[in-house]
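Chain letters run A, B, ... following the sequence lines, proteins first, then strands; residues in each count from 1.
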There are 2 protein chains.
Amino acid sequence: MDVVNFRILEALQEDARMPFTRIGQELGMSSPAISDRVKKMEDLGVIRGYKAIVDPKALGYQFQAMITLRAFVGKLRPLLDKVPQLREVRNCYRITGTENIIMEVVLEDQGHLERFIDLLIAYGETRTHVVLSQVIAQNPLGRPLAKKD
Amino acid sequence: MDVVNFRILEALQEDARMPFTRIGQELGMSSPAISDRVKKMEDLGVIRGYKAIVDPKALGYQFQAMITLRAFVGKLRPLLDKVPQLREVRNCYRITGTENIIMEVVLEDQGHLERFIDLLIAYGETRTHVVLSQVIAQNPLGRPLAKKD
DNA sequence: CCTGAAATAGCCAGGTC
DNA sequence: GACCTGGCTATTTCAGG
């Protein structure tokens, strides 16, 4: 993980479909060299995949929300098993603090939001924060300053 | 936005580098047809880009955290202006509720976490939740059920 | 939306430092 | 080990229908 790899990561986080030839041009390298490095980063788990970023609003999801949940005793495990089946959940984290879980969800309308919360209250006490706007979205990960290869 | 477009979105959310030829094969269409549809979805803002998904741990970020912040009076605007400059912030949302802001951050170590919180307390009251594990990561967006094209 | 051709890009040797 | 070049294959892109 030298500086070249971080330049490659930077490019691919900005546009995952950018051709290796062009990345190579900007770095003064050939495309096989880039390809080798990318494959190695994929194998090492540094690169976990490539995803299209889709706008929920454009698909008809009127609301986005952050929901924290404090699980009832014995209900955390069942919830963790349930969450992967919920299409509304885009991201879900186990966290420290009085709440156990925080998830980012997309909802089609008010009724959908209500039904979703109803579903959750079987597992714990929830707190819902409707998203007003996204200030930063998928900011690329840079090189850790403390990192000494 | 018909069912074909949603199939394409599904594929590209799973792997943004999947060739259009292969997507076309699975849908019984030619690659130019896929290309046209993708370009149209990009122009409409449905597809906002393509990003490599990078593992923070593999880069040397030891902590990930969700931080909520309740801004002091007159401090929300300055914070919103500041946030885009912070490399630690991967996502940041304005939300409803007693807190105004929630952000997802990556930190290199304990000291980094401390410095970052110190920076934030100039703007408001913070609550930090260290991420223990990510239960769901970047779950693909599906077709809204209520959507009637 | 298709086909078919042209331009690009990715990929597999083999060779160099 | 990391990189380059050359040639082959795959993919994208562009035209016309």
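- At the heavy-atom level, A:Gly28 lies under 4.0 Å from the strands shown only through sugar-phosphate atoms.
- Nucleotide C:dG15 holds its C1' atom 15 Å from the CG atom of A:Asp36, rounded to whole Å.
- Judged by distance alone, the side chains of A:Gln62 and A:His112 never bring a donor and an acceptor atom under 3.5 Å apart.
- For the 3.5 Å distance criterion, the side chains of A:Tyr93 and B:Glu104 qualify, holding a donor opposite an acceptor.
- Between B:Ile8 and B:Ile34, the shortest heavy-atom distance links the atoms CD1-CD1, 4.1 Å.
- Applying the side chain to side chain donor-acceptor pair (under 3.5 Å) test to A:Arg90 and every residue at least two apart in sequence or in another chain returns nothing.
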N/O-N/O pairs, protein side and nucleotides 10-16 of chain D side, under 3.5 Å:
unit_1, atom_1, unit_2, atom_2, d
D:dT12, OP1, B:Phe20, N, 3.1
D:dT12, OP2, B:Phe20, N, 2.9
D:dT12, OP2, B:Thr21, N, 3.3

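- Look at B:Asp2 and B:Arg37 and you find a salt bridge, because one of the NZ, NE, NH1 or NH2 atoms lies within 4.0 Å of a carboxylate O, short of that distance.
- Residue A:Val73 is found outside any hydrophobic cluster, as its side-chain heavy atoms come under 4.5 Å of no other Ile, Leu, Val, Met, Phe, Trp or Tyr.
- Annotation for B:Gln110 and B:Phe63: closest pair N-CE1, 3.4 Å, computed over non-hydrogen atoms.
- Rounded to whole Å, the distance from CE on A:Met29 to C1' on C:dA9 is 17 Å.
- With sequence neighbours excluded, the residues satisfying side chain to side chain donor-acceptor pair (under 3.5 Å) with B:Asp55 are A:Arg48.
- If one axis is set at each end of the helix from C:dC1-D:dG17 to C:dC17-D:dG1 from five pairs, those axes are 40° apart, to 10°.
- For residues 40-51 of chain A, proximity to DNA chain D is found at A:Lys40, defined as any non-hydrogen atom under 4.0 angstrom from a strand atom.
- The minimum heavy-atom distance between A:Gly45 and B:Ala58, with the atom names listed, is O-CB, 4.1 Å.
- Side-chain N/O atoms of B:Ser30 include one lying less than 4.0 angstrom from OP1 or OP2 on C:dC2.
- A salt bridge is defined here as a Lys NZ or Arg NE, NH1 or NH2 lying under 4.0 Å from an Asp or Glu carboxylate O, and B:Arg87 with B:Glu108 meets this definition.
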